[in-house]
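Below: one structure, written as structure tokens.
Residue indices begin at 1 and follow the sequence shown.
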Amino acid sequence: MPKAIVDGVEVEFEHGMSVLQVAELAGAEVPRFCYHDRLSVAGNCRMCLVEVEDQRGRAPKPAASCALPCSDGLMVHTRTDKVKKAREGVMEFLLLNHPLDCPICDQGGECDLQDQAQAFGRDGSRFAENKRAVEEKYMGPLIKTIMTRCIQCTRCVRFATEVAGTEDIGLLNRGEHAEISTIEKAVQSEMAGNLVDICPVGALTSKPYAFTARPWELRKTPSIDAMDAVGASIRIDARGRSVLRVLPRLHEDVNEEWLADKSRHAIDGLSRQRLDRPYVRENGKLRPASWDEAFKAVTDKFNATAADKIAAIAGDQCDAESMFALKALMDAKGSKNMDCRQDGAALAEGGNRSGWLFNTTITGLEEADVVLLVGSNPRWEAPLINARIRKRFLTGELQVFGVGAPHDLSYQTDWVGAGPQTLSDIVDGRTAAADALRNAKKPVVIVGQGALAREDGAAVLNMAGQIAEKYGAIQDDFNGFNVLHTAAARVAGLDMGFLPVEGGKGMGEIIAGAQSGEIEMVYLLGADEFDTETLRNAFVVYQGHHGDAGASVADVILPGSAYTEKNGIYANTEGRVQASRLATFAPGDAREDWTILRALSGALGKPLPFDDLGALRQALVEAVPHMGGIDQIAPATWALPGVAGDMQDSAFDPIISNYYMTCPISRTSKTMAECTEVYMAGSLDQARQAAE
């Protein structure tokens, strides 16, 4: 490997690394504004100046280390007087037009410009001219702009173009008249909130968070996102009982350092329409009740109802502990009617774990050379996974084919069909997608819930598995068959068997049974994503955190905790086990979900065999051993999933019609309502016209 000497320290580096990267390997601190590890090099700010020296001698002037490839034997000096003076001059120019907004700037306290001006700037300015002013720009409901602060680093332009896949942001004019602008339009991306994170100054800040808090006022809790099935690593910033901000944490294998907009900005819904006390329905109306009254109403009905007439449905944001506790309670009663698939997706039928996991893993997508999307819109279902596919696509080594309703996925996609017939054509080798898959070294098949939440979902899943097998996606060290989930709770529920056992009823049968009278009691654990009106004839117990669809039909409401208000275990779409942490306490009399179920089991005379979270997790790990491996993915042996059978001719319908409202939290969020109005109006009109 080549070697360089940085400030007297010899360091080995890989070919193609820049001087700035090599300097960091040696432990030198090099300031920068425009440079970002995950973006292309611009060389705008000139803050990373260093002196370099090779066999021919020292360069006549400092060089921008971010744009200078490092060569073998190069000597780099980062702390000379010449470098110090050059950086002070650059900082002086950067501050020439920058306003003195620090006391009122939302970036204050976590601003790169503040930090580097303190460390590398000078204590005065030789400029007395008036500062220029720039008009504010409109970038949508999520981004607040104060463009006078902008230093034209172009990080936002490069992120939007390269990562988010939108060209809405650009640099207009030249010289002193240069401005970042969207030409007065909202940034059309589900990852626009990341523009605030990468802005090194206060030019782009979070509009929903504006003037809310200072960073030193906030209690910071590392946790896991539950708004989709990706399981992004997040940091929850709270003050008192209020969650004020959610930011991404670095996790190279899952979300890198990005976060989707819904995960970041839907948190204002945590304070609206909350269930903070038990309720019991009397004479057709819900009234506040004590826990004892609520438990008595549940126990009376539970004990008076036969086991085969009781059912349980787990929602999309449930933690593994609460689902395990509810399953244990149903098992103690002897009921076999339970399901964690609110959408009725045909999973766990005729196969093992490999039939419901994202087996390639998220990082594994960067090895794929052909991707076949089946009934999936990853841009809405999993924006971070969509960004990974785009990242691979930009290398020029990936082709993407789609079966289903065409969408703009931010990269070129060849839509080769709309429904199951196309899958049969691919198996028979009659499409361009079949030719590409045949010639691929690492083909990937991604099956979305839009293809599985149908009556023929099991047959579609089986056909997709046949495609994976026929075209070499199943290899010794690579599994290219994937199911893309949209629910954070789904994989854990499937892993622990929160499903109807032999003789039990699944989701569709539970609904039909409730309508016919075969099912007399239904326990909803945070389940809101189906037509709950179909349960009107049954006695419904709803345990959840928002007054949403499930609460509207409930006979008894037990107030639970949202994902930010409890310690819990989740498994993301690739089967990675992750732990969330309590950041704030639930409002009023609401309690953590597993504690409610434990107390209820005692009232029913069937006490569950655990009294604390540690004992519950121990029981969970004994039943599902891989749940104990935090941040690990248990390998799954391949078996052809689904059940072969006839498939319908109808096209695959998208499982998500509005990205910004998919759960009780996002549906009560004011910010998500504004995003829906701005971004989704056209999409919703098209969907409404198609339905008519």
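- Using a cut-off of 4.0 Å between Lys/Arg side-chain N and Asp/Glu carboxylate O, D631 and R576 are scored as salt-bridged.
- The closest donor-acceptor contact from the side chain of N359 to the backbone of S354 lies under 3.5 Å.
- Between L247 and L259, the closest side-chain pair of non-hydrogen atoms is not below 4.5 Å.
- Shortest non-hydrogen contact noted between L275 and A590 is O-CB, 3.9 Å.
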- Query: Step by step, would you call T564 with V246 a side-chain contact (heavy atoms from CB on, under 4.5 Å)?
  - Reply: CA-CA 10 Å; T564 60; V246 167; 5.7 Å; no
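- In this structure, the side chains of M323 and M496 come closer than 4.5 Å at one or more pairs of heavy atoms.
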- What do the steps show when you test W638 against L640 for side-chain contact (heavy atoms from CB on, under 4.5 Å), and what is the final call? CA-CA 7 Å; W638 170 253; L640 186 64; 4.3 Å; yes
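- Side chain of N255 to main chain of R249: a donor-acceptor pair is present (N/O by atom type, distance under 3.5 Å, no hydrogens or angles).
- In summary, the side chains of D528 and Y542 do present a donor paired with an acceptor at a separation below 3.5 Å, with no hydrogens or angles considered.
- With contacts defined as side-chain heavy-atom distances shorter than 4.5 Å, the pair D237/Y209 does not qualify.
- Across all their heavy atoms, G315 and A489 have their closest contact at O-CB, 3.4 Å.
- Using a 4.0 Å cut-off between a side-chain N of Lys or Arg and a carboxylate O of Asp or Glu, K566 and E321 do not qualify as a salt bridge.
- Contact detail for I474 and G480: the closest heavy-atom pair is CD1-N, 4.4 Å.
- With hydrogens and angles disregarded, a donor-acceptor distance shorter than 3.5 Å links the side chain of R341 to the backbone of L347.
- In this structure A673 satisfies the side chain to side chain contact (heavy atoms under 4.5 Å, CB included) test together with M661, sequence neighbours excluded.
- Counting heavy atoms from C-beta on, the side chains of S561 and F585 never come closer than 4.5 Å.
- When all heavy atoms of R598 and P607 are compared, the pair lying nearest together is NH1-CB, 3.9 Å.
- Under the 3.5 Å distance criterion, with hydrogens and angles disregarded, a donor-acceptor pair is assigned to the side chains of W356 and D495.
- For R264 against P248, the heavy-atom pair with the smallest separation is NH2-CD, 3.8 Å.
- Using a 4.5 Å heavy-atom threshold, the side chains of C318 and F498 count as separate.
- Using a 4.0 Å cut-off between a side-chain N of Lys or Arg and a carboxylate O of Asp or Glu, K262 and D225 do not qualify as a salt bridge.
- Looking only at distances, no side-chain donor or acceptor of T668 sits under 3.5 Å from a matching main-chain atom of Q273.
- Minimum interatomic distance between I656 and W380 (heavy atoms only, all atoms of both residues): O-CE3, 3.5 Å.
- R274 and D276 are not joined by a salt bridge, as no carboxylate oxygen comes within less than 4.0 angstrom of a charged side-chain nitrogen.
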- Begin with the C-alpha distance, continue with both residues' side-chain angles, and end with the deciding distance and a verdict on salt bridge (Lys or Arg N to Asp or Glu O under 4.0 Å) for R490 and D316. CA-CA 7 Å; R490 186 66 53 84; D316 290 351; 3.6 Å; yes
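- D531 CG: more than 12 foreign heavy atoms inside a 6.0 Å radius.
- The CD1 atom of I310 lies 9.0 Å from the CD1 atom of I519; values are rounded to the nearest 0.5 Å.
- Although no hydrogens or angles enter the test, the distance criterion places a donor-acceptor pair under 3.5 Å between the side chain of S223 and the main chain of R581.
- In terms of the side chain to side chain contact (heavy atoms under 4.5 Å, CB included) criterion, residue partners of E520 (sequence neighbours excluded) are, by chain and number, K301, T305, K309.
- Judged purely by atom type and a 3.5 angstrom limit, R287 has no side-chain atom pairing as donor or acceptor with the backbone of K285.
- Applying the ring-ring contact (aromatic ring centres under 6.0 Å, His included) definition to pairs two or more places apart or across chains, none involves residues 326-346.
- To the nearest 0.5 Å, atom CD1 of residue I267 and atom OG of residue S666 are 12.5 Å apart.
- At a threshold of 4.0 Å, the pair D292-K296 does not count as salt-bridged, since none of the basic side-chain nitrogens sits closer than that to a carboxylate oxygen.
- The residues R536 and E533 are annotated as salt-bridged, a charged nitrogen and a carboxylate oxygen being separated by less than 4.0 angstrom.
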- Task: Would you please test D646 and D456 for side-chain contact (heavy atoms from CB on, under 4.5 Å) and show each step?
- Result: CA-CA 7 Å; D646 295 333; D456 61 349; over 6 Å; no
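- Here the CG-OG1 distance, from L357 to T360, works out to 10.5 Å after rounding to the nearest 0.5 Å.
- L494 CG to N352 CG: the interatomic distance, rounded to the nearest 0.5 Å, is 12.0 Å.
- Side-chain atoms of V460 and Q648, non-hydrogen and from C-beta on, never get closer than 4.5 Å to each other.
- Checked by atom type and distance alone, the side chain of N479 pairs as donor or acceptor with a backbone atom of F481 at under 3.5 Å.
- Pairs engaging residues 239-294 under the ring-ring contact (aromatic ring centres under 6.0 Å, His included) rule: H36-W258, F159-W258, W291-F295 [sequence neighbours left out].
- Counting heavy atoms of neighbouring residues, nucleotides and ligands inside a 6.0 Å radius, atom CZ of R239 exceeds 12 of them.
- Every residue meeting the side chain to side chain contact (heavy atoms under 4.5 Å, CB included) condition with T573, not counting sequence neighbours, appears here in chain and number order: A229, F358, I385, L484, H485.
- At least one side-chain heavy atom of K327 sits less than 4.5 Å from a side-chain heavy atom of D331.
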Please tabulate, for side-chain N and O atoms in residues 507-517, each donor-acceptor pair with protein atoms closer than 3.5 Å (sequence neighbours left out).
from : atom 1 : to   : atom 2 : distance (Å)
E509 : OE1    : G506 : N      : 3.0
S516 : OG     : A512 : O      : 3.2
S516 : OG     : G513 : O      : 3.3

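- To the nearest 0.5 Å, atom CD1 of residue I446 and atom CD of residue E381 are 10.0 Å apart.
- No donor-acceptor pair closer than 3.5 Å links the side chain of S242 to the backbone N or O of L244.
- E592 CD to S322 OG: the interatomic distance, rounded to the nearest 0.5 Å, is 10.0 Å.
- Distance alone, capped at 3.5 Å, is enough to place a donor-acceptor pair between the Q578 side chain and the G231 backbone.
- Counting only N and O atoms by type, the side chains of T363 and E252 include no donor and acceptor under 3.5 Å apart.
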- Task: Go through the steps for R235 and R245 under the test side-chain contact (heavy atoms from CB on, under 4.5 Å), then give the verdict.
- Result: CA-CA 8 Å; R235 192 188 82 196; R245 186 171 64 168; 3.4 Å; yes
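- D319 places a side-chain heavy atom less than 4.5 Å from the side chain of Y570.
- With hydrogens and angles disregarded, no donor-acceptor distance shorter than 3.5 Å links the side chain of Q317 to the backbone of G526.
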